[in-house]
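The structure appears right after this line, and notes come after that.
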Amino acid sequence: MTQKISPSTAALLSIAPLMWAGNAIVGRLVHQMVPPITLNFLRWAIAFLILLPFGWKIFRPGSGLWENRKRFALLGLLGIGLYNALQYMALQTSSPINVTLVAAGMPVWMLLVGNLFFGLKVKLQQILGAILSIAGVLLVLSRGDLGQLLAFKLVAGDIFMIFATIAWSFYSWLLTQPKDPPSIRNEWQFFLLAQIGFGVLWSGLFAAGEWTLTSAHISWSLALCAALLFVAVGPAIIAFRCWGAGVQRAGPSVAGFFSNLTPLFAALMSSAFLGELPHLYHVLAFALIVAGIVVSSWHIRA
């Protein structure tokens with residue numbers, strides 16, 4: 001898209017990365033208290049209960065949800081069932097800074113998925129920006145060690161986050177498809193609750209598998225309850241609402257570059273709450289990512 005990015009659109013696309021950075025921090029803080037896939041299920045179950053009083057009518061016959069159940073089941077799988085579960089799994093072995101910087105490869109996947117599956121015509125500036133973003137991500141994956149990069153040594157968390165980013169790219173492009181009844185699309189609580197309803201089913205199914213196949217357990221505490229409430233309201237309801245509205249206004253290829261704000265917010269929060277100071281390679285990687293944003297934005301008529 002080449003439309004002007006208004007201040008309100010920029011705000012919507014900036015609030016979501018702020019919330020997601022907080023999600024990465026909290027996910028890391030509680031990673032020993034609750035299994036990652038179970039954390040994802042509890043998060044969305046709480047979000048579902050919060051939104052239900054405002055959008056319960058979506059589940060009535062004739063609302064348009066059931067006629068479009070395959071689409072909303074797919075949105076719930078990609079955006080809720082897979083992306084967030086994979087992110088929490090990534091945080092078991094990677095720091096919030098690393099996880100969010102790997103996710104900064106989002107513009108690359110947005111362009112690739114858009115071009116291969118949604119008819120996006122990629123511009124030269126976008127390709128150059130994507131190359132810079134890839135360089136930043138590779139710098140994180142290598143931990144600033146060229147020898148490690150050449151040996152392709154990746155921790156499990158990095159790989160989980162790459163798959164999560166691909167799932168989110170498909171999710172974001174599907175958001176732009178005009179296939180939803182106006183009665184659902186025009187009411188944000190209906191549109192989000194339709195996705196969460198199916199997403200809770202997916203995440204519940206995955207959580208059941210986690211408890212069946214692993215020695216999962218939960219260490220309940222007030223801190224964990226507070227963390228669950230935060231991730232259900234901020235990174236879930238607020239962030240998804242802002243991201244969905246921003247993507248519809250600016251398009252996935254533009255919105256993808258705003259997601260690169262997440263590492264900056266995560267680095268600041270990690271310093272404040274986890275004592276995880278950024279390394280030099282984090283700074284260099286972020287500089288490459290910012291350069292990718294600038295270059296890729298040249299085609300937008302601001």
Side-chain angles (χ1 to χ4, degrees), residues 1-6 9-10 12-14 16-17 20-21 74-75 77-79 82-84 86-87 90 98-142 149 154 158-179 239-240 242-264 266 284-302:
M1 289 188 179
T2 57
Q3 69 181 76
K4 181 178 180 180
I5 304 300
S6 66
T9 300
L12 287 171
L13 293 173
S14 298
W20 291 332
L74 181 58
L75 288 172
L77 172 63
L78 294 172
L82 284 179
Y83 176 78
N84 294 276
L86 288 168
Q87 183 184 44
N98 267 43
V99 165
T100 54
L101 276 171
V102 171
M106 183 79 70
V108 179
W109 298 111
M110 287 287 193
L111 294 177
L112 185 60
V113 169
N115 179 258
L116 293 178
F117 299 97
F118 296 92
L120 173 69
K121 295 182 179 180
V122 180
K123 299 179 182 296
L124 177 60
Q125 295 93 326
Q126 292 173 305
I127 295 175
L128 293 175
I131 291 174
L132 290 171
S133 291
I134 290 174
V137 172
L138 290 177
L139 189 58
V140 176
L141 294 178
S142 68
L149 179 61
L154 305 177
D158 298 332
I159 298 173
F160 286 140
M161 203 60 219
I162 290 173
F163 282 115
T165 305
I166 295 172
W168 188 258
S169 298
F170 276 100
Y171 169 80
S172 296
W173 274 105
L174 287 171
L175 287 179
T176 67
Q177 304 303 296
K179 298 181 179 180
F240 268 64
C242 292
W243 182 260
V247 167
Q248 291 182 42
R249 292 186 187 186
S253 59
V254 175
F257 285 93
F258 276 85
S259 68
N260 288 333
L261 293 172
T262 307
L264 174 61
L284 296 176
F286 186 73
L288 288 170
I289 291 167
V290 170
I293 296 175
V294 173
V295 172
S296 297
S297 299
W298 285 346
H299 75 287
I300 302 172
R301 301 184 186 279

*asked:* Main chain of Trp173, side chain of Thr176: is a donor-acceptor contact present, judged purely on distance under 3.5 Å?
replied: yes
*asked:* If you compare all heavy atoms of Thr9 against all heavy atoms of Gly246, which two are closest, and at what distance to 0.1 Å?
replied: CG2-O, 4.4 Å
*What is the distance from atom OG1 of Thr165 to atom CE of Met110, rounded to the nearest 0.5 Å?*
9.5 Å
*Aromatic ring centroids of Trp243 and Phe240 under 6.0 Å?*
no
*asked:* For a 4.5 angstrom cut-off between non-hydrogen side-chain atoms, does Arg249 reach Ser6?
replied: yes
*Name all residues meeting the side chain to side chain contact (heavy atoms under 4.5 Å, CB included) criterion together with Ile131; count only those two or more places apart in sequence or in a different chain, and write none if there are none.*
Ile127
*What closest approach, in Å, do Ala245 and Leu12 show between heavy atoms, and which atom pair accounts for it?*
CB-CD1, 3.8 Å
*Rounded distance [0.5 Å steps], CE in Met106 versus CD1 in Ile166*: 10.5 Å
*Should Val99 and Phe160 be marked as a side-chain contact (heavy atoms from CB on, under 4.5 Å) after you check the CA-CA gap, both sets of side-chain angles, and the distance that decides it?*
CA-CA 9 Å; Val99 165; Phe160 286 140; over 6 Å; no
*For the residue pair Met161 and Tyr83, establish whether any side-chain heavy-atom pair is separated by less than 4.5 Å.*
yes
*Between Ser169 and Val113, what is the shortest heavy-atom contact and its length?*
CB-CG2, 4.0 Å
*Check the surroundings of atom CZ in Phe118: do more than 12 heavy atoms from other residues, nucleotides or ligands lie under 6.0 Å from it?*
yes
*Quick one: CG on Leu74 to OH on Tyr171, what's the gap to the nearest 0.5 Å?*
11.0 Å
*Do Pro252 and Leu175 come close enough that some side-chain heavy atom pair is under 4.5 Å?*
no
*Mind checking the CZ-CG spacing from Phe170 to Leu116? Nearest 0.5 Å is all I need.*
8.0 Å
*Using the six-membered ring wherever Trp is involved, compare the ring planes of Trp168 and Trp20 and label them parallel, tilted or perpendicular (cut-offs 30° and 60°).*
perpendicular
